[in-house]
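Taking it in order: structure first as C-alpha cells, then the write-up.
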Amino acid sequence: MTHEGTLAYIEDIARHEGQRVIVRGWLHARRSSGKIHFLTVRDGSGFIQGVMSKAAVDEETFRLADHLTQESSVIASGTVRADARAPGGFELDLATLEVVGGSADYPITPKEHGVDYLMDRRHLWIRSERQSAVLRVRAEVIAAVRSFFDDRGFILADTPIFTPAACEGTSTLFPVQYFDETTAYLTQSGQLYNEANAMALGRVYCFGPTFRAEKSKTRRHLSEFWMVEPEVAFARLDDVIDLAEDLVVSVVTRVLERRQTELKRLDRDVSKLELVKKPFPRITYDDAVKMLNDKGQPFEWGGDFGAPDETLLANSFDRPVAVTRYPSKVKAFYMEPDPQRPDVALCVDVLAPEGYGEIIGGSQRIADYDLLLRRIKEHDLPKEAFEWYLDLRRYGTVPHGGFGMGIERVVTWICGLDHLREAIPYARTLNRLYP
RNA sequence: UCCUCAGUAGCUCAAUGGCAGAGCAUCCGGCUGUUAACCGGAGGGUUGUAGGUUCGAGUCCUACCUGAGGAGCCA
C-alpha cells in the first residue's frame with residue numbers, strides 16, 4: 001500500500017489544514033454507520049477522528065476499516081479538514097488505510113473497569129486518553145523543574161541510589177544484596193549527599209527515584225517515587241521558602257502554558273491552578289495548631305499533622321501554604337533549631353490546595369558540629385556511618401538548606417487525580433510489582 | 001502492623017436461604033455524521049480457596065488467599 005501526503009503528528013495537524021497527510025498510529029475507537037466509518041486514531045501526540053465514506057475509497061479499503069479492531073496499528077492518509085464537530089477542531093477525510101499489526105480482544109474496552117484490572121494492564125492502560133494526558137503533564141512538570149534550576153545556575157549533581165545506611169533513620173529501607181557479603185539500601189533521599197555537593201558546587205539539585213519500604217496503603221504513597229531536591233550553601237529558612245515558592249509557581253505556570261489540551265482532557269478546573277501566584281501564605285506550626293482548634297479539629301501541640309489536618313489547613317487558602325517551625329521532635333535529626341525557640345525546627349512543609357497535601361518538605365540544616373553530633377547520638381544513629389557527613393561541619397561549615405519536592409504528588413495535584421498511582425507510568429505500591 | 005469493605009460471564013455489576021441474570025465487550029446482520037453511537041440475533045458460568053450449618057448456600061458461620069479505602073509514617 002502506498003500513501004500520499006506529508007508525514008504528520010496529530011498534535012501538529014492544525015498546520016496541515018487542507019493538505020494531504022500520512023498519520024501513523026493505533027485505532028482508538030471505531031463507529032460505523034453502514035456506508036461511513038468513523039475511526040479515531042491516536043499516535044501518542046494526540047487523537048483525531050478519521051472519516052471514511054464508502055464512496056471515497058475502494059471496496060477492499062472500506063471492508064478493512066469495517067473489521068478494524070481496537071488498538072490495531074495503522075498507517076493512514078487523508079485530507080485535513082476543520083470541523084466544528086470534532087473535539088480537536090480537525091478531522092481527517094481518509095483515502096488510504098493499511099494495517100501494520102492486528103489486535104484481537106484488546107482487554108481495555110471503552111466501558112468501565114476496576115482499578116486492579118487496569119493496574120494489571122498498566123502497560124496498555126497508558127494508551128488511554130486520560131492516562132496518556134497525565135504522562136504528558138508529568139513530562140512537562142519534570143521539564144519545568146529542570147529548566148527552573150538550570151536557568152538559575154544550579155548544578156545537577158545526582159546522588160547514589162545504593163546507600164550504606166539510613167539517611168533519616170525513620171522510614172523503612174529496602175535492603176539489597178551488594179556483591180557477596182554486603183547489604184546496601186535503596187536511597188530514601190538524596191539529602192545528605194546533596195549537602196556535600198552544595199559545599200562543593202554552591203547551588204545544586206538532584207533528581208531521581210527514591211524508595212521507601214513503608215507499608216502504606218493510601219492514595220498518597222508509593223514505594224518508588226521521584227523527587228527533586230535542591231540544596232543551597234549559605235541559604236537560611238526564608239531563602240528555602242522563597243525558592244520553593246518560585247519553583248511551584250514556575251512549574252504550574254509552564255504546565256498551564258503548554259499543556260492546556262491535556263488539562264482539558266482531564267477535566268481539570270484550571271481556574272484553581274491560575275490562582276497559584278506569589279506570595280504563598282506562610283504560617284507557623286503554632287498558627288496552624290490554633291487554626292485547627294478554631295475550626296473544631298482537636299489537635300495537641302507536639303504531634304505531626306495527619307492527612308485530614310493538612311486538608312483542613314490547606315482549604316483555608318486558595319494557593320499553596322508554607323507551614324514552618326514544626327516541633328523538632330517530629331522532624332529529622334539534621335534540621336537546625338530556631339535560635340529563638342530551640343524546641344522548634346527551621347523547617348517548612350508546603351501544602352497543596354484542594355486537599356492534595358504535602359508536596360514539599362525542607363529545612364535549614366544544622367551547621368554546628370557539636371549539635372549535629374549530639375542529634376546523631378540522640379537518634380541512636382551510628383556515628384561511624386556519618387563521619388563523612390560530619391566532615392562537612394569540620395571543614396568550613398556554613399548555614400545551608402534545601403527541600404524535596406515529590407514529582408508524583410505535584411502531578412496528581414496539577415492533574416486533579418484522586419490517586420498517586422496514575423501520576424507515574426508504572427506505580428510501585430505495597431501490593432504491586434507487576435507489570 | 002491495625003481498622004473497614006469487596007471478590008458471581010472477558011469487563012462492570014444484579015440475584016428475600018429456593019430455576020445463574022443484565023449491560024457492555026466478542027461474533028453475525030442492519031444503518032451516510034457517529035462521539036462510551038444505535039437497532040436485531042448468537043455464543044459465553046467450578047459464584048476467590050478449603051471446610052461447616054441446612055432438606056436446600058452466590059447468600060449464613062470459620063479459616064485462608066487476593067484486592068480496595070483509611071490509620072500510622074512521609075514527598
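In what follows, every heavy atom counts, from backbone to side chain, and hydrogens, waters and symmetry copies are set aside.
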Touch check for Arg421(A), heavy atoms < 4.0 angstrom, all strands: base, sugar-phosphate only, or nothing?
sugar-phosphate
Rounding to an integer number of angstrom, what distance separates G45(B) and G40(B) when you compare their P atoms?
24 Å
Could you tell me the separation between the CD atom of Glu129(A) and the P atom of A36(B), rounded to a whole number of Å?
9 Å
Stems involving RNA chain B: give each as a range paired with a range, ordered by first number, where a stem means at least three consecutive Watson-Crick or G-U wobble pairs under 3.5 Å.
B:1-7 with B:65-71, B:10-13 with B:21-24, B:26-30 with B:38-42, B:48-52 with B:60-64
Decide yes or no for Ile108(A) and Trp125(A): does some side-chain heavy atom of the first lie under 4.5 Å from some side-chain heavy atom of the second?
yes
Taking side-chain hydrogen bond (donor to acceptor under 3.5 Å, both in side chains) as the definition, give me every residue that meets it alongside Glu71(A), ordered by chain and number, with sequence neighbours left out.
Arg42(A), Arg127(A)
Where the side chain of Glu91(A) is concerned, which of G72(B), G33(B), C74(B) is the nearest nucleotide?
G33(B)
Between the side chains of Arg219(A) and Glu408(A), is the shortest nitrogen-to-carboxylate-oxygen separation below 4.0 Å, so that they form an ion pair?
no
Any salt bridge between Asp83(A) and Arg81(A), counting N to O under 4.0 Å?
yes
Identify, between Lys331(A) and Ala55(A), the residue whose nearest nucleotide on RNA chain B lies closer to the 5' end.
Ala55(A)
Using heavy-atom distances to pick each residue's nearest nucleotide on RNA chain B, tell me which of Thr69(A) and Ile359(A) is more 5'.
Thr69(A)
Note: contacts of residues 24-35 of chain A with RNA chain B (heavy atom, under 4.0 Å) are Arg31(A), Ser32(A), Ser33(A), Gly34(A), Lys35(A)
Figure out the CG/C1' separation between Leu118(A) and G67(B), and round it to whole Å.
13 Å
Applying a 4.0 Å non-hydrogen cut-off, can you work out what Lys217(A) is touching in the nucleic acid: base, sugar-phosphate, or nothing?
base
With heavy atoms under 4.0 Å as the rule, sort Ile407(A) into base, sugar-phosphate or nothing.
nothing
Send over the distance from Phe207(A) CZ to A75(B) P, rounded to a whole Å.
16 Å
Does Arg121(A) count as lying over the ring of Tyr117(A), i.e. NZ or CZ under 6.0 Å from the six-ring centre, within 45 degrees of the axis?
yes
When you measure from the side chain of Ser45(A) to the backbone of Glu11(A), do you find a donor-acceptor pair of N or O atoms at a distance under 3.5 Å?
yes
Between Glu231(A) and Arg365(A), is there a side-chain N and carboxylate O pair less than 4.0 Å apart?
yes
Asp318(A) vs Lys272(A) side-chain heavy atoms within contact, under 4.5 Å:
no
Tell me the closest heavy-atom pair linking Leu222(A) and Ala427(A), and the distance in Å.
CD2-CB, 3.9 Å
P gap between U66(B) and U49(B), integer Å:
15 Å
Please determine if a side-chain N or O atom of Arg220(A) lies less than 4.0 Å away from the OP1 or OP2 oxygen of A71(B).
yes
Using the test side-chain contact (heavy atoms from CB on, under 4.5 Å), find all partners of Gln297(A) that sit at least two apart in sequence or belong to another chain.
Leu292(A), Pro308(A), Asp309(A), Leu312(A)
Smallest heavy-atom separation, Arg319(A) atom then Lys277(A) atom, equals NH1-O, 3.0 Å
Determine yes or no for a side-chain-to-main-chain donor-acceptor pair under 3.5 angstrom, with Thr210(A) supplying the side chain and Met227(A) the backbone.
no
Over how many whole Å does the gap from Leu68(A) atom CG to U26(B) atom P extend?
12 Å
Of A75(B), C28(B), G70(B), the nucleotide closest to the side chain of His67(A) is C28(B)
Expressed in angstrom and rounded to an integer, what is the separation of Leu94(A) atom CG from U34(B) atom P?
18 Å
Within residues 290-307 of chain A, find the residues that approach RNA chain B with a heavy atom at under 4.0 Å, and present them sorted by residue number.
Asp304(A), Ala307(A)
Output one line per pair: protein atom, nucleotide atom from nucleotides 7-11 of chain B, and distance, for all N/O pairs under 3.5 Å.
residue : atom : partner   : partner atom : Å
C11(B)  : O2'  : Glu112(A) : O            : 2.9
C11(B)  : O2'  : His113(A) : ND1          : 2.7

Counting any heavy atom closer than 4.0 Å, what does Arg81(A) reach on the DNA or RNA strands: base, sugar-phosphate only, or nothing?
base
If we take the P atom in both A50(B) and U12(B), what is their distance in whole Å?
23 Å
Does U66(B) have OP1 or OP2 under 4.0 Å away from a side-chain N or O of Asn431(A)?
no
In whole angstroms, how far is the P atom of G44(B) from the CG atom of Asp105(A)?
16 Å
Taking C-beta and beyond as the side chain, do Ile161(A) and Pro209(A) meet within less than 4.5 Å on heavy atoms?
yes
G33(B) base stacked by Phe38(A) (centroids within less than 5.5 Å, tilt under 30°):
no
In whole angstrom, give me the gap between the C1' atoms of A57(B) and G69(B).
29 Å
I want to check something: taking the side chain as every heavy atom from C-beta on, are Arg432(A) and Tyr426(A) in contact at a cut-off of under 4.5 Å?
no
Between Tyr285(A) and Phe305(A) (judged by ring centroids, cut-off 6.0 Å), do the two rings come close enough to count as a pair?
yes
Once you apply a heavy-atom cut-off of 4.0 Å, does Gln70(A) come out as touching a base, just sugar-phosphate, or nothing?
nothing
Which value, in whole Å, describes the distance between the C1' atoms of nucleotides A25(B) and A36(B)?
12 Å
Under 4.0 Å between any heavy atoms, over every strand shown, what does Pro308(A) touch: base, sugar-phosphate, or nothing? Just pick one.
sugar-phosphate
Would you say G69(B) has OP1 or OP2 under 4.0 Å from some side-chain N or O of His419(A)?
yes
Answer with base, sugar-phosphate or nothing: what part of the nucleic acid does Leu222(A) contact at a heavy-atom distance below 4.0 Å?
base
I'd like to know whether the aromatic ring centres of Phe386(A) and Phe333(A) sit less than 6.0 Å apart in this structure.
yes
